[in-house]
Each structure stands twice: as structure tokens, then as C-alpha cells.
Amino acid sequence: MVKPPTVVFFDIDGTLIDTAGAGRAAMLRALSRLSPGASPGEAVDFAGRTDRAIAHDLLRTAGISPDPDTVEVFFQFYCEALPETLAERPEGRVLPHVPEVLESLRNRPDTVLALLTGNIRRGAYTKLAHFGLARYFPCGGFGDRFVDRRMVARDALEAVRRFLSCEPDPQRCFVIGDTVHDLRCARAIGAVPVAVLTGWAQANELAKEKPHAVLETLAELEQLLPPPKP
Ligand SMILES: [Mg+2]
């Protein structure tokens, strides 16, 4: 591609899918496998954070040191539990209009879809594959290595740079997500932040971050993007 394409980065949970708590359940299952009888602490916040940050908090509240080897074992147990917890929740769902919007964006010649998620890579693709959406996302940034989600944003941009073999124009990069963390990720890389109200955050909470737009569902997304070049 000669001109930088439009890049649309998507968060996963609350933006593309609702796993009905399968991710949280798999984390708790991993914790109790790692440390039977561990008390996970109810205060750990899951929404919009990286899996690494969540893992650190869960391990600490259970009295376990979150050293790198222990976190790796925790992630391994999490990935083994996730297919089970997804299968146990038939109420899990793809959020409104997501399949047709992804299909439409994929067919635009100058648009690249990518992930920008706190999920670890394997967890992200396990969730997306469960709902038939994995094929839309050739690359992305993930929460394996980073506690700070803004670092994931930089990693996602770098992944797109490698995928395209060209420099993305941040002003043509859109970050779509359901939490303030997604919007701050967008700012961290100079991209356009777009909030969607299909997760748990309230509109007024998201509006404080001054997103470019607040969408009821992803059905309104495509009209925000630059028109495709013929
Ligand atoms: Mg989310």
C-alpha cells in the first residue's frame, strides 16, 4: 500500500463479545488450581485492564508472589480453563451488529483490522474463535507482557507496522472500546478514540475522556471512518 491505510483497533470484551463472565471464571479456576483454597479477593477489578495486571492482583490478594514464572503457570492454567468456561456459558454472545460490521470493514481495500486488548494473545484468540470472529484479526497488541495498557497500544501499533511493512498514520488509526482504558490507549498512540456502550461503562463516565464519538453499537462505526478509496 502506498498511502497509509485506515487501521481499526478493537478491544474484545464488551466491544466485540460478551463471554458472560467466562474470562473471570477461568482466571479464578486457574488461581484455585495454582493454590487450592486460595481466596481471590473480591476487590480485583477486571474491566479494561491487562490480563497481566489482573493476574498480579489476583495472585497478590491470594498471598502468592506474582513472579514471572508463577504468572506463566497461571496463564497456562487460565488458557486450559477458558474453553471449558466458555462452553459452560451458552448465554455468552457476539455483541449487536459485530459480524456484519467486521465483514464490511474487511472488504474495504484500504482498511486493516487489528486487536488492541488486555487479553493475553492465546486467551484473545480462544475467545474470538469460540464466537467465530478470530479470522478477522491478523495482528494486534495483547496483555501478555504489560501491566500498563498504554504499552499494549504501542505494541499494537508496532504489530500493524510489521504487518503492513509501512508506517501507519495515527490520525487514520481508530481505537474502539467500551472502557476509559481503551480511550486512554488511543490517546497514548495519537489515535482516534471511539467509545461503544455495549460494555458496562456508563456514557457519562466515557464522555469524560472526550472520545471522538460515543456509539450505541458498532453499527454506527463505519460512518465515522474515512470513505474507502476506490
Ligand atoms: Mg472491554
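Because the structure is a prediction, the values reported are computed rather than measured. Both counts, for ligands and for their atoms, begin at 1 and track the order of listing. Note: hydrogens, waters and symmetry copies are ignored here, and every other heavy atom, side chains too, is used.
- A donor-acceptor contact closer than 3.5 angstrom links the side chains of Glu80 and Gln76.
- Restricting Asp11 to its N/O/S atoms, the shortest distance to the Mg ion (ligand 1) is reached by OD2.
- A salt bridge is absent between Asp144 and Arg122; no separation between the charged side-chain nitrogens and carboxylate oxygens falls under 4.0 Å.
- Looking only at N/O/S atoms, Asp13 comes nearest to the Mg ion (ligand 1) through O.
- As for Asp178, its N/O/S atom nearest the Mg ion (ligand 1) is the one called OD1.
- Between Phe142 and Tyr125, the ring planes are tilted. Angles from 30° to 60° get that label.
- In Glu216, the CD atom is not crowded: 12 or fewer heavy atoms of neighbouring residues, nucleotides or ligands sit closer than 6.0 Å.
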